[in-house]
J.: 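Provided herewith is a single structure, encoded as C-alpha cells, for subsequent inquiry.
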Amino acid sequence: MVNVAHTLENLHHESRSFRPHAAFAAHANATSYEYKKAGVDRLQYWREAALRLAWRQPFTEILDWSDAPVARWFHDGTLNACDNAVDRHVREGRGDRVAFHFVGEPGDTETLTYSDIHERVQKAANGLVALGLGKGDRVAIYLPQIPEAVVAMLACARIGAIHSVVFGGFSAESLRQRIDDAEAKLVITADGGNRRGAHLALKPLVDEALASHGEGTAHPEPCASVEHVLVVRRTGQETAWTEGRDVWWHDAVDPQPAEHEPEWVEAEHPLFILYTSGTTGTPKGLFHTTGGYLTGAAHTHRIVFDLKPDDVYWCTADVGWITGHSYIVYGPMINGATQVLYEGTPNTPHEGRWWEIVEQFKVTILYTAPTAIRTFMKWGEAIPQQFDLSSLRLLGSVGEPINPEAWMWYRRVIGGDRCPIVDTWWQTETGAIMISPLPGVTATKPGSAMTAMPGVCVDVVDDAGRPVPNGEGGYLVITEPWPSMLRGIWGNRHRYVSTYWNHFDGMYFAGDGAKKDVDGDLWLLGRVDDVMNVSGHRLTTTEIEHSLVAHPWVAEAAVVGASDEVTGQAVVAFVIVRGDAHGVPEDGDEVAAALREHVRHQIGSLAKPRTILVVSEVPKTRSGKIMRRLLRDVAEDRPTGDVTTLADPSVMDAIRTGLEAGTGD
Ligand code: WT7
C-alpha cells in the first residue's frame with residue numbers, strides 16, 4: 001500500500017454546498033427517515049428492503065454470518081431474478097410499460113415493453129435448455145450493448161445458470177482466460193457490433209479464444225469446456241462457422257415456445273461471475289448470489305435515483321461492467337424502469353449524440369462517469385446547449401472520484417442548476433452503491449460522495465485499523481456485512497479472504513483511500529494499491545507489465561497510472577528493450593506503436609498504454625521492487641521525489657536524460 005498523504009494535501013476545504021430543492025424533496029422516494037430506520041435496526045431495515053422483492057418461498061433468517069467473511073443473506077428463501085425483473089411486472093399489469101428504448105449506433109431504434117422482454121426471455125430460456133444448459137452451469141456472454149445482451153443475462157438467471165459477461169472490448173486472450181476460469185459451457189456472442197461508425201467483429205475473437213494457441217503458449221489445447229457458441233446476428237458480417245458447435249440465435253431461440261417456468265433458486269444461489277482486475281496479474285472472478293444482490297441493487301436504485309413510474313432512466317455504462325449489471329439490468333428492471341439502452345460512442349456520428357438522445361426520449365435521470373463529463377467539457381458547452389435537456393431531473397456519477405470542476409459543470413450545463421447530483425461510490429465487489437447522497441435529503445458538496453447509504457457501515461481507518469478523526473484521511477473500509485456483498489472469488493476462498501479481509505481485522509478493505517472532512521463527509525481519493533482507474537475501468541499495472549514482457553523485444557517493463565485530464569488516469573509504460581532482440585526499430589515511436597498494438601491484442605483496447613517510453617533502466621529498491629512512485633513523477637512531469645531507497649539513485653537521472661534526448665514516445 002502506498003501512503004495517501006500526498007493526495008490529501010491537494011484537497012482544499014470545500015465551502016460550497018447545494019441543498020435539495022424543496023419541490024424535489026417533497027416528492028422524493030427517500031427521506032431522512034431511511035437513516036433513522038437503518039440506525040435503529042440495520043437488519044430489520046434490510047429485511048424490509050428484501051421483502052420488496054417477489055419471493056417464491058419467504059425467508060425467515062436475515063443474515064447468517066457464522067461462516068464469515070462469507071455471508072448468507074435471506075438464505076432459506078427462494079426466488080428467481082428474471083421473475084423479479086420481468087414476469088412480475090407482466091403479472092401485476094405493467095406489461096405494456098416500456099422497458100427499453102434501444103438506440104443502435106447506426107440510428108436503428110427498437111422499443112421493448114416488459115411483455116416483449118417476457119416473451120423473448122422465455123424463448124431464450126427454452127433455447128438454452130435445448131442446448132443442454134441448466135442450473136449452476138456457467139455461460140460466457142460476449143455481446144455488444146444490444147437488447148439480446150439483457151435478454152441473455154436474464155435467460156441465464158431464469159434457468160439458474162450463472163452468467164459471466166465479458167466486456168466486448170476485451171481481447172480473445174482475455175476472453176479465453178475468463179471462459180477457462182469459469183469453465184463455461186456456452187458462449188453467447190454476436191457476429192459483431194457497431195463502434196464509431198464501423199463494424200467491430202466479435203465472433204472471430206470467440207473463434208480465436210476457443211482455438212488452440214499453439215505449442216508453448218498459455219493455451220496449447222483448444223478450450224475444453226465450451227460445447228456451443230450461440231451467435232446473434234447484429235451487423236450481418238461474414239463469419240466463419242464451426243458446424244455442430246456454432247448456432248444462430250435466430251435458429252435456436254426464435255422458434256422456441258414463449259412459455260418457461262423459472263427455476264426457483266435458493267437466495268444464495270450464484271447469479272453471476274464478473275471478472276475484475278486485482279493487484280496481481282490474473283483477473284479475479286468475483287461472484288454474487290441472488291437474494292442479497294437483488295435486494296441491494298433494487299433498493300439503492302429506488303432511493304438513490306428516486307425512480308418514479310414516469311421516469312426515463314439512462315445509465316450509459318456497458319452491461320459488461322458491474323454498473324450495467326446492477327443499474328441497467330437488475331436494479332432498474334426490478335423497479336420497472338423505462339430505460340434508454342445505447343449501443344455506441346458519444347461522438348458518433350457527432351459530439352451531441354447523447355444530448356440528442358436525452359432530448360428525443362425525454363430522459364429524466366442520467367447516470368454516467370466523470371471521464372465522460374470531462375470529455376464533454378473539452379468538446380465545449382455549446383454542444384449540449386443545442387439540445388433541450390429540460391426533461392432531466394437527477395444526475396448521477398460513478399467510476400472514479402469526480403473533480404469539483406467537472407461536478408460544477410455537470411450541474412450547470414447538463415443539469416441546468418436544478419438537478420441534484422448523486423456521486424455514487426461502490427465497486428464490483430460491493431454489488432450496489434455504498435456511499436452516496438440521497439437526492440431529496442443530502443446537501444451535496446462538489447466532489448464528495450458524502451455519506452454511507454442507510455444500512456451500510458463504512459469508516460476511514462489508519463494503518464492500524466483505527467478510525468481517523470474528522471479532517472483526516474486513511475483507508476476506506478466497510479465494517480459490517482451488507483446484502484449485495486460479493487460472496488467470494490470463483491473457486492478461490494483463500495484469495496477472497498487475503499485480498500479483502502486480511503488488512504484490517506474483521507473489516508472489508510476496499511483498496512481506496514478516503515478522507516473525512518471537518519463535517520465528517522467522505523471524499524474518495526482513488527486506489528491505494530497497484531490498481532489503475534482509466535476512464536472508470538479497473539486495470540492492474542502488473543497485468544500490463546506481464547503482457548509487455550511477453551513481447552520478444554521487451555526485457556523489462558514498468559507500468560504506472562499517470563493522472564490524465566480526461567481519463568482520470570492513463571497507462572504509461574516504461575520499457576527496456578532487449579539488447580539481443582532482432583529487428584527492433586531504431587525509432588522509439590515505432591517500438592511504442594508496435595507494443596501498444598501488442599497490449600491491445602493481448603488484453604484489449606482499454607489496456608493500451610497512452611504512452612510508452614523506451615528507457616535504459618527502471619528504478620528499483622534494493623529488494624528489487626519497482627518504485628512506481630518515481631516513474632509517476634516522470635510520467636506526470638514533476639521533479640523526482642525521494643530516491644534514497646533506490647538501489648542505484650543515478651537511475652532516475654539516466655531516465656530523465658534519456659527521455660530528453662528523445663528516445664521516448
Ligand atoms: C473502483 C471500483 C462500481 C462502479 C464502477 C467501477 C472507483 C467507483 C467511485 C466514486 C471515487 C470511485 C474506486 C473503486 N470508484 N466509484 N464515485 N468516487 N471512486 O467499478 O471497476 O469495480 O471499480 O472504482 O476506486 O474501488 P469497479
Side-chain angles (χ1 to χ4, degrees), residues 1-2 4 7 11 165 167 169-170 272-279 283-288 293 296-297 300-301 304 315-328 330-331 367-373 395-404 406-407 410 421-437 444-453 458 460 473 475-478 484-486 489 499-500 508-515 521-540 543 561 567-569 606-607:
M1 280 188 246
V2 301
V4 292
T7 338
L11 211 68
V165 185
F167 174 60
F170 278 114
F272 64 85
I273 305 173
L274 195 55
Y275 287 82
T276 186
S277 296
T279 45
K284 302 175 285 200
L286 308 185
F287 72 96
H288 284 278
Y293 170 77
T300 53
H301 181 261
V304 173
C315 166
T316 66
D318 191 281
V319 292
W321 307 111
I322 190 69
T323 309
H325 283 55
S326 300
Y327 297 109
I328 295 177
Y330 292 109
Y367 190 29
T368 193
T371 184
I373 299 163
L395 303 174
S397 174
V398 63
E400 52 174 315
I402 178 166
N403 47 312
W407 196 101
Y410 196 26
I421 295 181
V422 287
D423 173 14
T424 61
W425 179 91
W426 59 295
Q427 310 176 292
T428 308
E429 290 86 343
T430 68
I433 294 166
M434 297 282 106
I435 304 175
S436 170
T444 50
K445 299 172 187 173
S448 167
M450 302 303 296
T451 44
M453 290 288 289
V458 309
V460 180
Y475 306 101
L476 185 73
V477 293
I478 307 176
S484 62
M485 68 196 291
L486 77 164
I489 295 173
T499 306
Y500 302 106
Y508 169 87
F509 172 53
D512 282 42
K515 175 186 165 140
D521 295 322
L522 296 167
W523 296 74
L524 278 306
L525 302 175
R527 302 288 306 194
V528 294
D529 49 18
D530 290 336
V531 173
M532 295 172 286
N533 189 324
V534 179
S535 298
H537 299 147
R538 243 157 106 167
L539 294 168
T540 310
E543 198 179 352
T567 58
Q569 283 187 307
L606 70 168

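We count ligands from 1, going down the list as the structure has it; atoms in each ligand are counted the same way.
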J.: Have Ser277 and Arg538 got a donor and an acceptor in their side chains that come within less than 3.5 Å?
T.: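 No.
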J.: Do the side-chain N and O atoms of Thr424 and Tyr367 include a donor-acceptor pair separated by under 3.5 angstrom?
T.: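 Their side chains do contain a donor-acceptor pair, which is all the 3.5 Å distance test asks for.
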J.: Would you mind telling me which of Trp426, Tyr293, Trp321 makes a side-chain hydrogen bond (donor to acceptor under 3.5 Å, both in side chains) with Ser326?
T.: Tyr293
J.: Please tell me if the side chains of Cys315 and Thr323 come closer than 4.5 Å, counting only heavy atoms from C-beta onward.
T.: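 Side chain of Cys315 against side chain of Thr323, heavy atoms only: contact under 4.5 Å found.
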J.: Rounded to the nearest 0.5 Å, how far apart are OG1 of Thr276 and CD1 of Ile322?
T.: 9.0 Å
J.: Establish, from distance only, whether the side-chain atoms of Thr428 and Tyr275 form a donor-acceptor pair under 3.5 Å.
T.: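 Their side chains do not contain a donor-acceptor pair, so the 3.5 Å distance test is not met.
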J.: As a test of reading the model: which residues have a non-hydrogen atom less than 4.0 Å away from ligand 1?
T.: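 Contacting ligand 1 under 4.0 Å are Ile322, Thr323, Val398, Gly399, Glu400, Pro401, Asp423, Thr424, Trp425, Trp426, Gln427, Thr428, Asp512, Leu524, Arg527, Asn533, Arg538.
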